[in-house]
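Being a predicted model, the structure only gives us computed values, none of them experimental. Start at 1 with the first residue, then count along the sequence.
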Amino acid sequence: MGKIKMAFIGVGDMGSHHCIGFDLLEESEVRYICDMNEANVARTLAELKNSNPTIVSDYRELLAKEDLDAVVISVPNYLHREVAVAFLEAGKHVFLEKPVAHTIEDCDAIIEAAEASGQVLQIGLVYRYSNLYRRMEKELENGRLGDVKLMWCKEFRDPFPPADWFYDKTKSGGAIVEKDCHHFDIFNWMIQAKPIRVFASGGQHVMKQGEPNRIQNSYSHYPTKEISDTSIVDHAFITIDYDNGSKANLGLCMYLKPRNLMGEGLEIGLIGENGGQMVARNDKTIDIVGGQDWTKDHLEIDVTSDSIMGGHTGGQTQRIDFLKCVQEGRQPFASAQVGRNALLIALAAEKSILEERYVYLEEISG
């Protein structure tokens, strides 16, 4: 097949990066951009090197286009079902930003539409394509730690961008659904077992419902904004039990000022049955210590070749793989089912905080 002709539905922070990234690839052409925000469109167009797309403001204008093979959907979570199902039913391949959806009902409707259409559906769980986390998996495959028994993640960061939908749980699914599906997927990937139940404790320390919250974000283009209607948690501790006895814990803080002042950044760690530890920091390095031979390894991982413009590690690799999946008719590594499995943990954590109890995933998954 020739160039894969693509449309981009939403070109905010993530959508813009996707558009710029696919524009750099010879196998694809940016044919359409759909976004009502003229500033977002202008910012994206200024970065394109190889394409001259048509601009539309309503995605429905694109459903019947014959010169369109695939779409990248980067709209707020509560719109995922509406937009993704429409394009799948129209016979288009879909790259859908994470999470799959903000509810399990919407998630399952999207998966059902993908299965019925036979089109490729890839979820933007970008860490699955990261050089760093793939190296972590390789070390585990080589038996460096034996079976993974404990995992943890420290996600201590600044707030979401100051766009209202992030802070409305009915639209985002909550902070844990929106942000930590990434990390729950890494837990599932490395532990290689089935999550059974979740216990979480969280709430609002700083960004409180009904109070004026001045939201400032360090990495997005949005200006500082005051948001008083915030129904999401700004902190949580979450524990996950797996069917093989392994356990994982995630600590979330969403109110650091400024971001990562101590330079620690994201930390994801593992302890194996042989007593060895492996810790990834800042999406850049891996340290492996202990185990049977007590060897210490410090790995500086190449995190530039798999991304663009300082974006998420794995960002460009996931785009390349999406095009290959379309060309070869195969399922992506970040499949819809993988996304569903991570979403279940996030939804269980949100429910556990509300109900102050263990939540079993079977309660949610049906």
Going through the checks in order, is the side-chain contact (heavy atoms from CB on, under 4.5 Å) test met by Lys179 and Phe160? CA-CA 9 Å; Lys179 190 71 192 76; Phe160 288 127; 3.9 Å; yes

Tested for side chain to side chain contact (heavy atoms under 4.5 Å, CB included) against Arg144, the lone hit among Met136, Lys138, Glu139 is Glu139

Are Trp189 and Phe184 an aromatic pair, judged by ring center distance below 6.0 Å? no

Test Glu82 against Arg60 for salt bridge (Lys or Arg N to Asp or Glu O under 4.0 Å), laying out the working first.
CA-CA 11 Å; Glu82 173 190 325; Arg60 296 171 187 86; 3.2 Å; yes

Check: Do His235 and Tyr255 have a side chain donor and acceptor closer than 3.5 Å?
Finding: no

Separation between OG (Ser246) and CD1 (Ile191), nearest 0.5 Å, reads 5.0 Å

Between Asn77 and Ser172: side-chain donor-acceptor atoms closer than 3.5 Å: no

Can a side-chain donor-acceptor contact be found between Tyr129 and Gln316 if the only test is distance below 3.5 angstrom?
no

Here the gap from Thr239 atom OG1 to Leu250 atom CG, rounded to the nearest 0.5 Å, amounts to 9.5 Å

So for atom CD, which belongs to Glu356, do other residues, nucleotides or ligands contribute more than 12 heavy atoms lying within a distance under 6.0 Å? no

Between Tyr59 and Ala86, the two heavy atoms sitting closest are CE1-CB, 3.9 Å

Original post:
Do Asp106 side-chain atoms and Ala101 backbone N/O form a donor-acceptor pair below 3.5 Å?
Top reply: no

For the backbone of Leu361 and the side chain of Ser365, can you confirm whether one donor and one acceptor N or O come within less than 3.5 Å of each other?
yes

- Query: When hydrophobic residues are tied together by side-chain contacts of less than 4.5 Å, even through go-betweens, does Met190 share a cluster with Ile301?
  - Reply: yes

NZ (Lys225) and CG (Asn213) are apart, to the nearest 0.5 Å, by 12.5 Å

### Backbone N/O of Gly315 and side chain of Ser307: donor-acceptor pair under 3.5 Å
no

For Asp58, is the CG atom crowded, meaning more than 12 foreign heavy atoms sit under 6.0 Å from it? yes

- request: Would you kindly say whether Asp287 and His298 are connected by a side-chain donor-acceptor distance under 3.5 Å?
  value: yes

_Trace of the side-chain contact (heavy atoms from CB on, under 4.5 Å) decision for Phe156 with Leu266_ = CA-CA 7 Å; Phe156 301 155; Leu266 179 71; over 6 Å; no

Would you say the side chain of Val56 lies within less than 4.5 Å of the side chain of Leu62, judging by non-hydrogen atoms? yes

| request: Assess whether atom CD of Glu355 is packed by more than 12 heavy atoms of other residues, nucleotides or ligands within 6.0 Å. | output: yes

(Q) Please determine whether side chain to side chain donor-acceptor pair (under 3.5 Å) holds for the pair Asp283 and Thr313, giving the CA-CA distance in whole Å, both sets of side-chain angles, and the decisive distance to 0.1 Å. (A) CA-CA 7 Å; Asp283 288 341; Thr313 173; over 6 Å; no

In this structure, SG of Cys181 is separated from CG of Leu343 (nearest 0.5 Å) by 7.5 Å

_So that I know where these two stand, are Phe8 and His18 an aromatic pair - ring centroids less than 6.0 Å apart?_
no

Verdict with supporting geometry, Leu323 and Met6, side-chain contact (heavy atoms from CB on, under 4.5 Å): CA-CA 10 Å; Leu323 297 178; Met6 303 188 68; 4.0 Å; yes

(Q) Which label fits Phe322 and Phe95: parallel for a plane angle under 30°, tilted from 30 to 60°, or perpendicular past 60°? (A) perpendicular

Can you find a pair of side-chain heavy atoms, one from Leu88 and one from Ser117, that are under 4.5 Å apart?
yes

Requested in this report: For Glu328, look at atom CD and say whether over 12 heavy atoms of other residues, nucleotides or ligands are found less than 6.0 Å away.
Outcome: yes

Given the options Lys3, Lys5, Arg31, Asp67 meets salt bridge (charged side-chain N to carboxylate O under 4.0 Å, His left out) only with Arg31

Spell out, as yes or no, whether a donor-acceptor pair under 3.5 Å connects the side chain of Lys92 to the backbone of Lys65. yes

Check your understanding: Among side-chain atoms of Ser57 and Asp35, is any donor-acceptor pair under 3.5 angstrom?
Key -> no

Following the transitive rule for hydrophobic clusters with a side-chain heavy-atom cut-off under 4.5 Å over Ile, Leu, Val, Met, Phe, Trp and Tyr, establish whether Tyr360 and Phe199 coincide in one cluster. yes

>> Ring centres under 6.0 Å, that's the criterion: do Tyr127 and His312 meet it?
In response: yes

(Q) Whether the Asp302 and Thr304 side chains hold a donor-acceptor pair (N or O, under 3.5 Å, no angle test) is what I'd like checked. (A) yes

Worksheet entry | Audit row: Glu115, Leu121, side-chain contact (heavy atoms from CB on, under 4.5 Å) steps and yes/no | CA-CA 9 Å; Glu115 291 174 347; Leu121 172 60; over 6 Å; no

So SG of Cys253 and CZ of Phe237: to nearest 0.5 Å the spacing works out to 8.5 Å

*Would you say the side chain of Arg214 lies within less than 4.5 Å of the side chain of Thr224, judging by non-hydrogen atoms?*
yes

Any salt bridge between Lys98 and Asp185, counting N to O under 4.0 Å?
no

ask   = Salt-bridged, Glu105 to Arg81, with N to O below 4.0 Å?
value = no

In Arg330, Arg128, Arg134, the residue satisfying salt bridge (charged side-chain N to carboxylate O under 4.0 Å, His left out) with Asp321 is Arg330

request  = Give a yes or no on this: more than 12 heavy atoms of other residues, nucleotides or ligands lie within 6.0 Å of atom CD of Glu112.
outcome  = no

Tell me, yes or no, whether the heavy-atom count around Arg357 atom CZ, taken from other residues, nucleotides or ligands under 6.0 Å, exceeds 12.
yes

Check: Does a donor on one side chain sit under 3.5 Å from an acceptor on the other, for Tyr242 and Arg197?
Finding: no

* Would you call Ile176 and Lys169 a side-chain contact if the rule is heavy atoms closer than 4.5 Å? -> no

Please determine whether the number of non-hydrogen atoms from other residues, nucleotides or ligands lying under 6.0 Å from atom NZ of Lys284 exceeds 12. no

* **Shared hydrophobic cluster for Ile186 and Val148 (ILVMFWY, side-chain gaps under 4.5 Å)** => yes

- Can you find a heavy atom in the side chain of Glu29 that is under 4.5 Å from one in the side chain of Ile4? no

Nearest heavy-atom approach of Ser335 to Ile123 is O-CG1, 3.7 Å

Exercise. Check whether Ile111 and Val94 end up in the same hydrophobic cluster, where Ile, Leu, Val, Met, Phe, Trp and Tyr are linked by side-chain heavy atoms less than 4.5 Å apart.
Key: no

Any side-chain heavy-atom pair of Glu155 and Asp180 under 4.5 Å
yes

_Against the six-membered ring of Tyr78, is Lys171 placed for a cation-pi contact (under 6.0 Å from the centre, within 45° of the normal)?_
yes

Any Lys49 side-chain heavy atom under 4.5 Å of Asp23 side chain: yes

Rounded to the nearest 0.5 angstrom, the OG1-CG distance for Thr285 and Leu132 is 7.0 Å

* Asked: Going by atom types alone, do Tyr222 and Asp13 pair a side-chain donor with an acceptor below 3.5 Å?
  -> no

Exercise. Should Ile55 and Val30 be counted in the same cluster of Ile, Leu, Val, Met, Phe, Trp and Tyr side chains packed under 4.5 Å apart?
Worked result: yes

Exercise. Side chains of Gln122 and Leu96: closer than 4.5 Å at any heavy-atom pair?
Worked result: no

